[in-house]
Amino acid sequence: MLKELRKTVKCPVRTNEPLAGHTSFRIGGPARYFVKAANSRELEKLIRTISLKSMDYFVIGSGTNVLIPDDGIKGIVIKLSGEFSRIKINSSCVVAGSAVKNAVLLKKTLNKSLGGIEFLSGIPGTLGGAVATNAGTAEGTIGNVIDWVELVDSAGRTKIIAGEKIIFSYRKSGIPLNAVITRVGLRLRKSKKSAILSKTRSIAARRRKTQPLASKNAGSFFKNPPGRLKAGQLIEKAGLKGTAVGGAEVSAKHANFIINKGSATSRDVMLLAKLIRGRVKKLYGVKLEPEVRFPGKRRIN
């Protein structure tokens with residue numbers, strides 16, 4: 001398999017690559033194979049090769065919404081680079097690679113006086129991850145500004161899907177799970193640069209005040225359930241702020257964040273998440289669903 005992978009990409013293929021350093025949680029074991037694809041041709045060939053070998057693959061961006069198992073990933077981890085990190089802006093139309101970081105996209109569009117994605121301010125990660133999870137806030141979601149999405153399917157074929165044909169909902173998109181998002185077309189609007197800047201600064205300041213951004217975490221751990229109370233409010237009401245399992249702890253600043261105090265394992269996080277879920281279900285009858293992704297077949301019971 002290693003020989004086949006080396007034929008498909010120019011970047012060196014790494015074996016047993018530690019994944020903790022590729023995630024914001026700073027948790028997780030190694031990837032059996034770690035591959036970087038720099039362009040569409042490489043990615044198409046890579047996916048076809050993996051498909052013929054019937055191996056599992058997982059695409060990682062900035063690793064901001066993921067918990068890697070302690071024993072790592074037995075298949076192939078793909079990271080996009082090169083042309084997938086580029087942005088083109090023509091009037092109010094933006095074409096950006098899925099590996100573009102949200103912060104970079106915000107800065108580039110601000111410089112062109114383009115608004116409509118201010119809600120991404122303070123949200124870490126890449127555009128591809130934002131699209132896959134329909135990232136956003138009460139101010140808006142990425143699905144609202146998408147013109148089209150380019151992807152490579154599980155057979156290694158590049159396809160373009162119009163935005164109106166993709167069903168976006170809360171923390172979900174209609175993008176097939178095994179597809180790799182490669183590029184995104186965005187419809188933004190001309191605005192005053194000062195107004196865009198003011199809004200992004202306000203949103204970012206609110207995040208800094210209410211969320212543990214300086215700690216090692218994967219963002220909001222659970223999705224907000226239907227109803228008046230959000231996940232963090234339910235967890236706080238259950239008296240779980242500061243609760244710890246091993247090196248994992250419920251943030252004292254925002255209860256829907258599980259933080260790595262420095263020595264947390266994936267098992268610590270999973271046990272703490274199970275404790276949280278059980279307590280909230282018992283006290284309030286609400287079953288919290290994780291927002292963080294778990295590569296492999298793991299789940300919180």
If two hydrophobic side chains count as joined below 4.5 Å and joins carry through other members, does Ile258 share a cluster with Val286? yes
Distance check, rounded to the nearest 0.5 Å: Glu118 atom CD versus Leu120 atom CG? 9.0 Å
Atom pair CG/CD1 of Leu106 and Ile117 - distance to nearest 0.5 Å: 4.5 Å
Are Val152 and Ile181 connected in a single hydrophobic cluster, I mean Ile/Leu/Val/Met/Phe/Trp/Tyr linked by side-chain heavy atoms less than 4.5 Å apart? no
Can you hop from Ile175 to Val66 via hydrophobic side chains spaced under 4.5 Å? no
If you look only at pairs with a residue in residues 53-91, which of them pass as a ring-ring contact (aromatic ring centres under 6.0 Å, His included), with sequence neighbours excluded? none
Closest non-hydrogen atom pair, Gly115 against Ile196: N-CD1, 3.6 Å
Quick one: does Ile123's side chain get under 4.5 Å of Arg207's, heavy atoms only? yes
Got a second to check how far Ile73's CD1 is from Tyr33's OH, nearest 0.5 Å? 14.5 Å
How about CG on Leu283, more than 12 heavy atoms from neighbouring residues, nucleotides or ligands closer than 6.0 Å, or not? yes
With Ser266 as partner, the option from Leu271, Ile68, Ile27 fulfilling side chain to side chain contact (heavy atoms under 4.5 Å, CB included) is Ile27
Would the distance check show the side chain of Arg187 and the main-chain N or O of Ile146 forming a donor-acceptor pair, the cut-off being under 3.5 Å? yes
Which atoms form the tightest heavy-atom contact between Val250 and Ala255, and what is the distance? CG1-O, 3.4 Å
Is there a path from Ile47 to Val9 through hydrophobic residues (I, L, V, M, F, W, Y) whose side chains come within less than 4.5 Å of each other? yes
Those residues at least two apart in sequence (or on a different chain) that pass salt bridge (charged side-chain N to carboxylate O under 4.0 Å, His left out) with Lys241 are Glu236
Pair Phe25-Val269, side chain to side chain contact (heavy atoms under 4.5 Å, CB included): steps then yes or no: CA-CA 10 Å; Phe25 238 148; Val269 175; 4.0 Å; yes
Using only atom types and a distance under 3.5 Å, with no angle test, would you say the side chain of Arg157 pairs donor to acceptor with the backbone of Glu44? no
Correct closest heavy-atom pair for Ala132 and Ser173 would be O-OG, 3.1 Å
Value rounded to 0.5 Å, distance of CG in Leu105 from CG in Leu188: 7.5 Å
CD on Gln211 to OG on Ser220, rounded to 0.5 Å: 6.0 Å
Looking at Lys190, I want to see if its NZ is surrounded by more than 12 non-hydrogen atoms of other residues, nucleotides or ligands under 6.0 Å. yes
Asn256 side chain to Ala231 backbone, donor-acceptor under 3.5 Å: no
Would the distance check show the side chain of Arg267 and the main-chain N or O of Asp70 forming a donor-acceptor pair, the cut-off being under 3.5 Å? no
Lys159/Asp153 under salt bridge (Lys or Arg N to Asp or Glu O under 4.0 Å): CA gap, chis, key distance, verdict: CA-CA 7 Å; Lys159 296 181 177 180; Asp153 68 14; 3.3 Å; yes
Heavy-atom donor-acceptor pair, Lys79 side chain to Gly61 backbone, under 3.5 Å: yes
Closer than 3.5 angstrom, by distance alone: can the side chain of Lys261 be matched with the main-chain N or O of Ser215 as a donor-acceptor pair? no
Counting only heavy atoms not in Arg206 (residues, nucleotides, ligands), do more than 12 fall under 6.0 Å from its CZ? yes
Looking at Lys253 and Arg208, would you say the former's side chain and the latter's main chain have a donor-acceptor pair under 3.5 Å? yes
Is Val59 reachable from Leu127 through a run of I, L, V, M, F, W or Y residues, each pair having side-chain heavy atoms under 4.5 Å apart? no
Sorted by chain and residue number, the salt bridge (charged side-chain N to carboxylate O under 4.0 Å, His left out) partners of Glu83 (sequence neighbours excluded) come out as Arg183
Beyond-backbone contact of Thr210 with Phe257, side-chain heavy atoms, under 4.5 angstrom: no
Could you tell me whether a side-chain N or O of Thr8 sits under 3.5 Å from a main-chain N or O of Lys45, the two making a donor and an acceptor? no
Considering non-hydrogen atoms only, spot the tightest contact between Ala273 and Phe221 and give its length. CB-CE2, 3.5 Å
Around Asn90, counting heavy atoms of other residues, nucleotides and ligands shown, do more than 12 lie under 6.0 Å from its CG? no
Taking all heavy atoms of Leu46 and all of Ala37, pick out the closest pair and write down the distance. CD2-CB, 4.4 Å
Say whether, by atom type as modelled, one donor and one acceptor occur between the side chain of Tyr170 and the main chain of Asn224 under 3.5 angstrom. yes
Test salt bridge (Lys or Arg N to Asp or Glu O under 4.0 Å) on Lys7 and Glu4; report intermediate values, then the result. CA-CA 5 Å; Lys7 291 178 185 177; Glu4 291 297 322; 3.7 Å; yes
Given the options Lys172, Lys223, Arg277, Glu289 meets salt bridge (Lys or Arg N to Asp or Glu O under 4.0 Å) only with Arg277
When rounded to the nearest 0.5 Å, the distance separating CG of Leu151 from OG of Ser98 is 10.0 Å
Which heavy atom in Pro295 sits nearest to a heavy atom in Leu67, and how many Å separate them? CD-O, 3.2 Å
Where the side chain of Asn65 meets the backbone of Gly129, is there a donor-acceptor pair that is under 3.5 Å apart? no
